[in-house]
Protein chains: 2
Amino acid sequence: MAKMKTAISPTREENYPEWYQSILKAADLAEHAPVRGCMVIKPWGYGLWENIQRSLDSRFKETGHVNAYFPLFIPLSFLEKEAQHVDGFAKECAVVTHHRLEKGKDGKLVPAGELEEPLIVRPTSEMIIGHSFAKWIESYRDLPLLINQWCNVVRWEMRTRMFLRTSEFLWQEGHTAHASKEEAEHETKKILQLYSDFAHECLAIPVIVGEKTESERFPGAVSTYTIEAMMQDKKALQSGTSHFLGQNFSKSCGIQFQNIAGEREFAWTTSWGVTTRLIGALIMVHSDDDGLVLPPRIASAHIVLIPIVHNPETRDAVVGYCEKLGKELRSVSYHGDPLRVLVDARDMRGGEKSWSWIKKGVPLRLEIGPREMEAGQFSLARRDKPHRETTPVKQSEISYRVPEILDEIQSQLLAKAKQFQDENTVIIDQKSDFYDFFKAKEDEIGGGFALCHWNGDPAIEAKVKEDLNVTIRCIPHHLPPEEGICLFTGEKSERRVLFAKSY
Amino acid sequence: MAKMKTAISPTREENYPEWYQSILKAADLAEHAPVRGCMVIKPWGYGLWENIQRSLDSRFKETGHVNAYFPLFIPLSFLEKEAQHVDGFAKECAVVTHHRLEKGKDGKLVPAGELEEPLIVRPTSEMIIGHSFAKWIESYRDLPLLINQWCNVVRWEMRTRMFLRTSEFLWQEGHTAHASKEEAEHETKKILQLYSDFAHECLAIPVIVGEKTESERFPGAVSTYTIEAMMQDKKALQSGTSHFLGQNFSKSCGIQFQNIAGEREFAWTTSWGVTTRLIGALIMVHSDDDGLVLPPRIASAHIVLIPIVHNPETRDAVVGYCEKLGKELRSVSYHGDPLRVLVDARDMRGGEKSWSWIKKGVPLRLEIGPREMEAGQFSLARRDKPHRETTPVKQSEISYRVPEILDEIQSQLLAKAKQFQDENTVIIDQKSDFYDFFKAKEDEIGGGFALCHWNGDPAIEAKVKEDLNVTIRCIPHHLPPEEGICLFTGEKSERRVLFAKSY
């Protein structure tokens, strides 16, 4: 059989990393910025972030969190208050040292007005938010304090990849303070569950929920929890983290409260975040060799109406009909929002136009010409099906059929991703099998998720990372304790952990 | 008559700048950050920004604009491409010179990893967005390009005041490119009108719309338009600007397109923005000596329900009743959004509780005790009326009466602000009257808006600024051309301009 021609070249099989870059370009999602390691998020990509924000923001508010805004700059002395924390970020932070420019000897502008204390562009905001919390909290009546911030952060990464790892990225960071350890731990896990629900329901991404090992913990945290997703190259992508900070940060920031008994205590804090990396996850979980595939709940547009005009005289009538239908569809509600409808009346060949929307991942396409108008019968093309396969829909039924079909696409994308994850998750009990499973070279597709016994020694983790670039992604919550033998040492183990290559 | 006791001290009369600071504190809107010139926007203040964002964002989208995101950092060499532009910002910008920290000789962390080229934290994004536009635009078919960005920017201001002028602030910046001068000029004015409509309809702030004189133009612009509002100390606050950039920035960034005739042309660009300063405007236009007063369309909460419990045994019933009523009200739509309802069941004296919401500016308060529950009849207290004056409302009517009364408050706040502006706007034709009008000392209430003839000479503007700290806020669009005599020079003048002190 002849090889099918695909819209994206190379295909996933041929070269996965290049396929990813091609998708970004073909779907017009983002581009490299002229600043090292930074990206420009183009409108089609930013629309995804807006939908992620809206859905998460309403989930945060429903669980009692409120938004606020804290400064971009953190004085160096603040960062130094928590030893582990500053160690974790010192190697990769943007430092502001001057507050103006002036003409140098050669007439060129140079930095001037040196600051007394350097300022760090926030890599995360524990220390600056902790400073406010210490002022805001006086008594147990002020707790819990449940704050979220939507903002940009900067981590000067050496190896960057658009959406997945960039020097500047957008995120939300939740920061909460509680009167007891139990309550703070409960909050950490509540948010972990919120992230997992959001990934399943909106992104159609199945995730493995679990705890990080010590070596993968957030700098300064007592415990770090994560949701891990499997990309189509079978690597893991850490997609959201929730940290129980114990009293570490409240001690370094001085966050104290008076308890009911009238005694001063340090508060128990948490922090948690997801980033624009989720857009990378969306791309790598669902897209195919023809371009982006978007789950309807998060798509920048749900449906595109394409007027088919073979004859200039019918153009106005067909375009007018599509615009009227578009308006009708926009009055239909889909999971609480109006349907997002595009009418593409550009002067361009129909095939080329359709392909542009296939590459951009719009879930539904509707080509409408004089014949369809007259018959009141349309052929709906689904992005998750072969391009020539269509679903017949009557005009009179379209306003309820479209949301129905979108929900069907949404659940099928999730099911497909879940099946892929399941098929590529294995139980391994022999070291040689383990090394064999992960033998694929960097940038080759191979491996998957391996559930294995491990003795709990960080040195073993380090060795596996060095040998195979494989790490423990998490200690999965869904696996029950199980006695076994560490496949690396032969020592006793109490549970299996999840090993994988990762981004 | 004895002086009324007020919740805010000092009053506006007594000390306007201190009154402003007291409002920020009493309404829990913001606080100084430990970073020079920066602020923390607290949840009650940030809620206002969220509402401003939502309303403006939908207006931008309705007029065909889409959001995107560009890097925080601008290479120094980019900023230098436009001579006037860099001159305008060189004196007040945060400069990143290093990308990590390392231990110095004394064991303390110091900046390390010096960058080859310093990066400027964006004070505005013309140059970095222009770089993308140059890549995105090839032909007239790619125009107009209508982009907006919501983000933070940094301008290292020497004298700062929360919300009004801070080193870091939040804003939106629109950037558009067009195929013709006329179209770009039309866009500049369309956005100016959008800002003016938004100020009137949502913020209940009447604004004077007009063009800036040359000396007040955005660095690099051909013309700058503004909306100017009058604060209660009779000073002007520039509340939004829209710039026609001609081909200045397209020439320095290389934004060219092929026109219909196949020739290469430079595009015509615009930029425009409003900032968190609008929250300062909201405060200074509407608030009184008892605290914040919020226009309903922008209020973080529309109504607060306060259970009145004199007897611990009735507590559950009263609180439960309020929560049920709150749920009912949240299902009511107010200008397309659900009513924002708070139920304040804190264990606190009723009077203290009511006053906390008065100070926070919630438009409506409803105290509910067993008597009100039984009678099905409530007394609604309005923030814009004396505190003891209430409006009777039946339970059966509450879901349509609340939106009605909110609209009434909204329009009365606008009318009151308009009346204040009108009463303090004068026509002045004599220099001595002018100097007399503006004689009030800095930080004293006095002066107002003066409409005067001026010969167009920037040297006169500079002199008036030096003498009185008064500037030309704009050449108002609503005033017809009118022949007259410049009151400073006796020379001919073709129109009146608006003079005022300003923030």
Side-chain angles (χ1 to χ4, degrees), chain A residues 31 33-35 38-43 45-47 49-50 66-76 78-80 86 89-102 108-113 118-121 128 131-132 135-136 141 147 151-152 154 156 167-168 170 276 346, chain B residues 31 33-35 38-43 45-47 49-50 66-76 78-80 86 89-102 108-113 118-121 128 131-132 135-136 141 147 151-152 154 156 167-168 170 276 346:
Chain A
E31 66 185 20
V35 184
C38 291
M39 67 176 166
V40 173
I41 307 180
K42 299 180 82 170
Y46 195 80
W49 185 239
E50 291 181 285
V66 287
N67 290 326
Y69 189 76
F70 299 85
L72 172 67
F73 299 132
I74 304 180
L76 174 53
F78 275 57
L79 218 55
E80 286 178 304
V86 70
F89 293 105
K91 288 178 202 73
E92 45 175 44
C93 58
V95 189
V96 175
T97 53
H98 294 75
H99 68 81
R100 60 187 167 83
L101 299 166
E102 65 180 28
K108 288 211 157 194
L109 286 173
V110 292
L119 298 173
I120 311 305
V121 180
I128 195 89
H131 177 83
S132 281
K135 290 199 281 177
W136 299 357
R141 288 170 195 266
I147 299 287
C151 66
N152 53 345
V154 171
W156 206 267
S167 293
E168 182 192 7
L170 303 181
T276 32
R346 284 177 297 173
Chain B
E31 66 184 20
V35 184
C38 291
M39 66 176 165
V40 173
I41 307 181
K42 299 180 82 172
Y46 196 80
W49 185 240
E50 290 183 284
V66 286
N67 290 326
Y69 189 77
F70 299 85
L72 171 68
F73 299 133
I74 304 179
L76 174 54
F78 276 56
L79 217 55
E80 287 179 306
V86 71
F89 292 104
K91 287 177 203 74
E92 46 176 44
C93 57
V95 189
V96 176
T97 54
H98 295 75
H99 67 81
R100 59 187 168 84
L101 298 167
E102 65 181 26
K108 290 212 155 196
L109 286 171
V110 293
L119 298 173
I120 311 305
V121 180
I128 195 89
H131 177 84
S132 280
K135 290 199 281 177
W136 298 356
R141 288 172 196 264
I147 300 287
C151 66
N152 53 344
V154 172
W156 206 266
S167 292
E168 181 191 8
L170 303 181
T276 32
R346 283 179 296 173

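What you see is a predicted model; the values in this text were computed from it and never measured. Residue numbers start from 1 in every chain, and the chains themselves are labelled A, B, ... in the order their sequence lines are given, proteins ahead of strands. What you see below is based on every heavy atom in this structure, not just the backbone, and it leaves out hydrogens, waters and symmetry mates.
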message: Please identify, among B/Gly45, B/Ala68, B/Gly113, the residue contributing the most non-hydrogen atom pairs under 4.5 Å to chain A.
response: B/Ala68

- prompt: Around A/Lys108, counting heavy atoms of other residues, nucleotides and ligands shown, do more than 12 lie under 6.0 Å from its NZ?
  reply: no

task: For chain B, find which of A/Thr97, A/Val110, A/Ile120, A/Leu119 contributes the most heavy-atom pairs closer than 4.5 angstrom.
output: A/Thr97

task: Heavy-atom distances under 4.5 Å only: say whether B/Arg346 touches chain A with side chain, backbone, both or neither.
output: neither

field: Contacting region of B/Glu102 [heavy-atom separation from chain A under 4.5 Å]
entry: neither

- prompt: Any side-chain heavy atom of B/His98 sitting closer than 4.5 Å to one from B/Val96?
  reply: no

- request: Look at A/Trp49, A/Phe73, A/Phe89 and state which one has the largest set of heavy-atom pairs under 4.5 Å with chain B.
  value: A/Phe73

task: Specify which of B/Ser132, B/Pro71, B/Ala112 makes the most heavy-atom pairs with chain A at under 4.5 Å.
output: B/Pro71

message: Given heavy-atom pairs under 4.5 angstrom as the criterion, report whether the side chain, backbone, both or neither of B/Trp136 touches chain A.
response: side chain

field: Structural part of B/Glu168 lying under 4.5 Å from a heavy atom of chain A
entry: side chain

- prompt: Considering only heavy atoms, which portion of B/Leu72 lies under 4.5 Å from any heavy atom of chain A: side chain, backbone, both, or neither?
  reply: both

task: Go through the atoms of B/Pro43 and report whether side chain, backbone, both or neither lie under 4.5 Å from a heavy atom of chain A.
output: both

field: Parallel, tilted or perpendicular: rings of A/Phe78 and A/His131 (30°, 60°)
entry: tilted

B/Leu109 versus chain A, the contacting section by heavy-atom distance below 4.5 Å: both

- request: Over all heavy atoms of both residues, which pair between A/Trp156 and A/Cys93 is shortest? Give the atoms and the distance, please.
  value: CB-N, 4.0 Å

message: Given heavy-atom pairs under 4.5 angstrom as the criterion, report whether the side chain, backbone, both or neither of A/Glu80 touches chain B.
response: side chain

task: Examine whether an atom of B/Lys42 lies under 4.5 Å from a heavy atom of chain A, and if so say whether it belongs to the side chain, the backbone or both; otherwise answer neither.
output: both

- line: Assert top hit (heavy-atom pairs under 4.5 Å, partner chain A, pool B/Ala33, B/Pro34, B/Cys151) equals B/Pro34

query: Any idea which of A/Leu170, A/Thr276, A/Ile147 has the most non-hydrogen atom pairs under 4.5 angstrom with chain B?
result: A/Leu170

query: Top residue by heavy-atom pair count (under 4.5 Å) with chain A, among B/Phe70, B/Tyr69, B/Tyr46?
result: B/Tyr69

- request: Give the minimum heavy-atom separation between B/Val154 and B/Ala94, together with the two atoms involved.
  value: CG1-CB, 3.9 Å

field: Option that, when pairs with chain A are counted at under 4.5 Å, heavy atom only, ranks first among B/His99, B/Arg141, B/Glu50
entry: B/His99

query: Within a strict 4.5 Å, meaning less than it, do heavy atoms of the B/Pro75 and B/Ile128 side chains meet?
result: yes

task: Specify the closest pair of heavy atoms between A/Arg100 and B/Val95, including all atoms of both residues, with the distance to one decimal.
output: O-CG2, 3.8 Å

message: Using 0.5 Å steps for rounding, measure from the CD atom of A/Glu31 to the CE atom of A/Met39.
response: 11.5 Å

- line: Assert top hit (heavy-atom pairs under 4.5 Å, partner chain B, pool A/Asn67, A/Ile74, A/Val35) equals A/Asn67

A/Cys38 portion near chain B, given a 4.5 angstrom heavy-atom threshold: side chain

